[in-house]
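First comes the structure, then the notes that go with it.
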Amino acid sequence: MAKIDVSVQTDDKPVPPPKHPNTCPSCHSHYRDDELEGALWVCGQCGHHFPMRARSRIASLADPGSFVEESAGLHSEDPLHFFDLRPYGERLAEAEMSTGLADAILIGPAAIEDRSCELAVMDFSFMGGSMGSAVGEKFSRACDSAAERGAPLVTVTSSGGARMQEGILSLMQLPKTVCAVEDLHDAGQAMIVVMAHPTTAGVLASFASLGDVLLAEPGALIAFTGPRVVEQTTREKLPDDFGLAAQNLRFGHLDAIIPRPEVRPTVARLLRLFDAPE
Amino acid sequence: MAKIDVSVQTDDKPVPPPKHPNTCPSCHSHYRDDELEGALWVCGQCGHHFPMRARSRIASLADPGSFVEESAGLHSEDPLHFFDLRPYGERLAEAEMSTGLADAILIGPAAIEDRSCELAVMDFSFMGGSMGSAVGEKFSRACDSAAERGAPLVTVTSSGGARMQEGILSLMQLPKTVCAVEDLHDAGQAMIVVMAHPTTAGVLASFASLGDVLLAEPGALIAFTGPRVVEQTTREKLPDDFGLAAQNLRFGHLDAIIPRPEVRPTVARLLRLFDAPE
Amino acid sequence: MPPSEHELRLRERLSRLRNMPLLGGAKLSGELERLQRQIDRLGEEPTEDEIWRSVELARHADRPYTLDYVERLLDDWFELHGDRAGLGDDGAMVAGLGKLGTRTVALVGQQKGRDIQERTRRQFGMPFPEGYRKAIRVMELAGLHGFPVISLVDTPGAYPGVAAEQHGQGGAIAASQAAMARLTVPTVACVIGEGGSGGAIAIALADRVLMQENAIYSVISPEGCAAILWRDAGEAQKAAAAFKPDAAHCLELGVIDGIVPEPGEGAHTDYDAAARLLGESLREAVDGLAEVPGDELRRRRRAKFRALGVFA
Amino acid sequence: MPPSEHELRLRERLSRLRNMPLLGGAKLSGELERLQRQIDRLGEEPTEDEIWRSVELARHADRPYTLDYVERLLDDWFELHGDRAGLGDDGAMVAGLGKLGTRTVALVGQQKGRDIQERTRRQFGMPFPEGYRKAIRVMELAGLHGFPVISLVDTPGAYPGVAAEQHGQGGAIAASQAAMARLTVPTVACVIGEGGSGGAIAIALADRVLMQENAIYSVISPEGCAAILWRDAGEAQKAAAAFKPDAAHCLELGVIDGIVPEPGEGAHTDYDAAARLLGESLREAVDGLAEVPGDELRRRRRAKFRALGVFA
Ligand SMILES: [Zn+2]
Ligand SMILES: [Zn+2]
């Protein structure tokens, strides 16, 4: 028991997608990509929230054309020359190919209902949204950019855990991003966090929990240790809603659960509140 | 239910004393005053802690002759001309007569194992240690005296609740003493709290809970709302150790439970720690 | 419209009674005669019946509660939830952000329930420690961002239960007061119903403390006091007359800084008017503090509370 | 006695590898050859076997734990208990005050158990959120009084259970790091055994981060990593060799500032010597920070951690 590490959530990656990737896992309705894109990737039948790619997310949040990507090309190196069944470099290249992203987060200034802010949006499709050097650095730059422009930071999190292939450096992204948030706060700026499914492990144990306001999407898994590891490690019987947004709200860890269509107006309202002249 | 006030603990006054006041309530051993005084009012048979008067307490804590009483004559007035079955003024006079104290607390500079500190010691015998204007003012002056002399404050609490006869002004002693402790902390000085039986209601809900270190004597009742009021109000079944020091320690509200003979050396150790050059 | 001669004199007399912020309520037409009555009351000693009437009105089942004022006074209201410590979200304590005029403020306050389900969910307005920890969290958030803090007090007291004690009721009430004593932003508290003892003062250590005309503020309920001192809860009316929880007496004793008028026969008769009167007083109080440097605010706040008490 | 020529050269070489505080341990006679070996190891690449040996030693059942060092290094030790929030006192996290030489310091650290009862009571050194909240409380107490903070890291990770999640494990670990990022007193952390992931970094955001020679510091256990990447926990040794949790590699990656030598064949062979070596390194680290102004300490601390990572 004492030997099992609890911080890695990779086994909480969503189960392999069904044949038709746009089949709703809860009500089994089928959709075309454009249908789901138009519906913010929310099932029209049952309200299930499908995973949302970072660029779609930004399009759904920011005023049209207001987002300007920063540090687009920044990517992780391979300091450990990590090689498991395949080299880390190969996995990175593959992820870049399949996602069109340099790593698991996009950052940059944007406007939401005409209020300027900085965005930092994670993408689970890139190696499970795991946090390595690139994610940590880009999130930290987003904090600085927000502080410099005197605008709040809005971050959307989705992460399955640590970027194991970067070893201890991936753990160091926790204190790194925590320090970046503290610098942001010392600059008098707010951070609004929107936790999408799943927000776990190192991301939850660092910047995601330090927002001035903590929002989550319905059904999002929000846990430091995911259900499977808890079961395997402690043999405990898990409550049905273990680690889900609803449970986190009930236990006092969230300010509100916001359905995806309400996220933009809610964030806009919070920006009006935090922008207000003192 | 919603009507019953929860802040007054007067019904937690110890049960009327047995014929022989020095009979141990738990093992029924009999003692002479001088025996108990010599034993710090702890039962030699079973370790029961008898109530200890403020002057005996100071004698047991401070280096001989080191305590110099401050604001000795300060006493409460009767702004409401409060009259229940008897006038407040009469009750005050009676308490002064029977205790030889001007009110329920003694303050002044002292030394403990050669470390200087300020003492603020409550006496339950004076109207159940209830906190009125005099207690609040003297405690606050003790904070200032400690801050001025650059010495920690050591306070021993014992209080059954509010001084109802002073009405809202007795409630105002909570924020008053809280502000005094904050001023003490801003001056860089520590406060060590020793909770004696009973530490309840307003005293627990103000300065007693704000110590840098919170100690309690074995068996002390430490509760905002006492067992009887909880039972009457909520009809809940109470755990056997409801509100006792042991329960408070278990739930994370105390740093340690210290038997009376260990209080002086323990406080001395803490004074050495807080005095140390930074 | 600018205040009239007569009004100015009235308000001046009222404020002289204890230099309290002039009452915004008085600006509203139709409120002058109430203000006059209030002044007359302050002049003479309220009768036992008048005091008891305040007790009854303060507890009136139809009296507006915190959220009734929130929806009428604050724009862009966003309620914040949770203690962040795993004990949950306390229904008896409301906390959030909103705009009072152009200013973002944090608001905390106890909330009673209207129907039995809500009363149960909100514990009749009696917070658990986690409720006070939520309030602390939001007040400190306000401090970080320079938002003034407004607290609306309406509780019979902190919840008197086994779990509440185990969660640390006394420590939470002390910590909440300490947090308010540290704030460097303007803080305004108003007792809008029952200001019940420790459960009330936990969120009332403010730069300006106001009371609505028919609110009560006391160290114990009349019933509790009667039960202990008269050995008979039935003597509640006598007890209330003895410890004087009404606004006029609290003002005389220097415990509060001002009285907020209520419409008609009490706030419950006209929520909108009551909210207007409260809103004007809150805005005036915040405006009066907005220019004071934070550390000076804190210094004065502590000095004010440290001066309370009557001794010789 | 003053350090010898040879010793000075060795220590200088060692410190050049990454400007780390010179190792107090090296001052002790009989430690020079170990230091020499350490330097040689730092020169070349540790073998898979050497890395695995660190893993085994870091987890050795007889390895000294936090309280073994406390009793040997601190005078007037007084342990503080409780989260002050009603979730209790976590046995896996120790916190208290003591004197390191003439200086009062606050010490926090995970504590494993020796026998099965103690292991159970201390959850095998895996803290609950209330444990981290106790540590936060004591670190902030130290900040208020200007006491340096020392943290001893020895945990497989934060406790992975249902209640721990419900109490807010992720938030507590984040809050503990944030509290350390705000401190304006000197902070020194040393990994004395297992530096397991989030449960470890929660108390390791320090001005100086040290590792004992045979400690490990990693984002995941070898077994966990093997199970995920090799689909076979049996490949733990291979995994460890791949992600390199040993002190030498952590030093090379700039994750730690110095390595604390261990006596004989490891700390478990001589508690007193291990404590002397650790104590000297801790004192040197604290002394080196004592004169730096608090806000400068905080600025440098944040800058140091914000520089960690390898990207292009
Ligand atoms: Zn569906
Ligand atoms: Zn006995």
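Here is how names work: the chains are called A, B, and so on, in the same order as the sequence lines, proteins then strands, and each is numbered from 1. All values derive from a computational prediction rather than experimental measurement.
For a residue to count as touching a neighbouring chain, one of its non-hydrogen atoms must lie under 4.5 Å from one of that chain's; by this rule A:Glu231 does not touch chain D. Of the atoms belonging to A:Glu182, heavy atoms from both backbone and side chain fall under 4.5 Å from chain D. Looking at A:Leu74, both its backbone and its side chain come within 4.5 Å of chain D, counting heavy atoms on both sides.
Classification of A:Asp186 and D:Arg299 as a salt-bridged pair fails, no side-chain N sitting under 4.0 Å from a carboxylate O. Using a cutoff of 4.0 Å between basic side-chain nitrogens and carboxylate oxygens, A:Asp144 and D:Arg306 are scored as salt-bridged.
Annotation for D:Ala158 and A:Phe224: closest pair CB-CE2, 3.8 Å, computed over non-hydrogen atoms. The two residues A:Phe83 and D:Trp230 make their nearest non-hydrogen contact at O-CZ2, 3.7 Å. Closest approach of D:Leu253 to A:Pro79, counting heavy atoms only: CD2-CB, 4.3 Å. Among all heavy-atom pairs drawn from D:Val162 and A:Pro239, the shortest one is CG1-CD, 3.8 Å.
Between the CG atom of D:Leu308 and the CD atom of A:Glu137 there is a distance of 10.5 Å, given to the nearest 0.5 Å. Atom CD1 of D:Ile220 and atom OG of A:Ser170 lie 9.0 Å apart (nearest 0.5 Å). To the nearest 0.5 angstrom, D:Met126 atom CE is 9.5 Å from A:Thr234 atom OG1. For the atom pair CZ of D:Arg302 and CG of A:Asp183, the computed distance is 5.0 Å after rounding to the nearest 0.5 Å. Put simply, CE on A:Met164 and OG on D:Ser218 are 11.5 Å apart, with the number rounded to the nearest 0.5 Å. In this structure, NE2 on A:His75 lies 11.0 Å from CZ on D:Phe311, to the nearest 0.5 angstrom.
Between chain A and the options D:Ala174, D:Gly309, D:Gly171, heavy-atom pairs under 4.5 Å are most frequent for D:Ala174. When each of A:Gln247, A:Glu166, A:Arg86 is checked for heavy-atom pairs under 4.5 Å with chain D, A:Gln247 comes out on top. Per-residue counts of heavy-atom pairs under 4.5 Å with chain D were compared for A:Gly167, A:Pro175, A:Ser209; the largest is that of A:Pro175. Counting heavy-atom pairs closer than 4.5 Å to chain A, the top residue among D:Ala226, D:Ala164, D:Gly168, D:Ala181 is D:Gly168. Each of D:Ala178, D:Ala175, D:Ala312 has some count of heavy-atom pairs under 4.5 Å with chain A, and the biggest count is that of D:Ala312.
Side-chain contact between A:Asp78 and D:Val310: absent, with no pair of heavy atoms (C-beta onward) separated by less than 4.5 Å. Looking at heavy atoms from C-beta onward, D:Glu165 lies in side-chain contact with A:Phe242 at the 4.5 angstrom threshold. Side-chain contact between A:Thr233 and D:Tyr159: absent, with no pair of heavy atoms (C-beta onward) separated by less than 4.5 Å. The closest side-chain heavy-atom distance from A:Val178 to D:Phe305 is not below 4.5 Å. Two residues are said to be in side-chain contact when any heavy atoms from C-beta on lie closer than 4.5 Å; D:Ile201 and A:Met172 meet this criterion. Using a 4.5 Å heavy-atom threshold, the side chains of D:Gln169 and A:Thr225 count as separate. With a 4.5 Å cut-off on side-chain heavy atoms, D:Phe243 and A:Ile168 do not count as touching. Contact annotation: the side chain of A:Leu171 approaches that of D:Ser197 to within less than 4.5 Å [non-hydrogen atoms, C-beta and beyond].
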| said: Is there a side-chain contact (heavy atoms from CB on, under 4.5 Å) between D:Ile228 and A:Asp84? Walk through the geometry before answering. | reply: CA-CA 10 Å; D:Ile228 293 159; A:Asp84 42 75; over 6 Å; no
| request: Decide yes or no on side-chain contact (heavy atoms from CB on, under 4.5 Å) for A:Ser206 and D:Ile173, but give the supporting numbers first. | output: CA-CA 7 Å; A:Ser206 61; D:Ile173 292 170; over 6 Å; no
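At least one donor-acceptor pair closer than 3.5 Å links the side chain of A:His253 to the backbone N or O of D:Gln166.
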